[in-house]
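Scroll down for the structure; my scribbles are underneath it.
Counting begins at 1 with the first residue of the sequence.
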Amino acid sequence: QVQLVESGGGSVQAGGSLRLSCVASGDTYSRYCMGWFRQSPGKEREEVAGIYSSGRNTSYADSVKGRFAISLDNSKDTLYLQMSSLKPEDTAMYYCAASPVCTVEKGIVKPIAPYWGQGTQVTVSS
């Protein structure tokens, strides 16, 4: 079992930055890979960044590449998503996810049937 708690969302103007955090608890085996996903109203949930538990092999969706950075601090059991140069289209609910089973989809490390956090809202105004 894994519990995930996100924080750090908020409202920001276009061009601004935010850092999301996801504190994980539970067995580390179930966190072999982790990812950040987002979902806006009327759209499917999409993964924006993925990482393995080693903290290496980060991968990103094309829409955020060069602007977002995923990282993992295993000493704090915390996953981060540093978001810069934010755009209105980045507005969404952001979720972290973890799983012991992973694949690579669209070039991004993706947790399969993951544990989910409750989400944190990011709103970017123009």
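- Rounding to the nearest 0.5 Å places OG of S85 at 9.5 Å from CG of D90.
- Side chain of T78 to backbone of K76: a donor-acceptor contact under 3.5 angstrom is found.
- Nearest heavy-atom pair across E6 and Y95 is OE2-CA, 3.2 Å.
- Residue V101 belongs to a hydrophobic cluster whose other members are I112, with links defined by side-chain heavy atoms closer than 4.5 Å.
- For the atom pair OG (S40) and CE (M93), the distance works out to 11.0 Å, reported to the nearest 0.5 Å.
- Evaluation of the salt bridge (charged side-chain N to carboxylate O under 4.0 Å, His left out) rule for K87 yields no partner, not counting sequence neighbours.
- No side-chain heavy atom of Q39 sits less than 4.5 Å from a side-chain heavy atom of E46.
- A donor-acceptor pair is defined here as one N or O able to donate and one able to accept, closer than 3.5 Å; no such pair exists between the side chain of S84 and the backbone of S17.
- Counting only residues at least two apart or in different chains, salt bridge (charged side-chain N to carboxylate O under 4.0 Å, His left out) contacts with residues 105-126 comprise E105-K110.
- Side chains of Q13 and S125: a donor-acceptor N/O pair is absent below 3.5 angstrom, by distance only.
- In this structure the side chain of E47 reaches within 4.5 angstrom of the side chain of P111, judged on heavy atoms.
- Every residue two or more places apart in sequence or in another chain was checked for a salt bridge (charged side-chain N to carboxylate O under 4.0 Å, His left out) with R19, and none qualifies.
- Taking a 4.5 Å side-chain heavy-atom cut-off between Ile, Leu, Val, Met, Phe, Trp and Tyr, the cluster of V2 extends to L4, V12, L18, L20, M34, W36, V48, I51, Y60, V64, F68, I70, L72, L79, L81, M83, L86, Y94, Y115, V122, V124.
- Checked by atom type and distance alone, the side chain of Q118 never pairs as donor or acceptor with a backbone atom of V5 at under 3.5 Å.
- A 4.5 Å side-chain heavy-atom check between S99 and Y32 finds every atom pair outside the cut-off.
- Considering only residues two or more places apart in sequence or on other chains, D77 meets the side chain to side chain donor-acceptor pair (under 3.5 Å) condition with R31.
- The shortest distance between side-chain heavy atoms of R38 and S63 falls below 4.5 Å.
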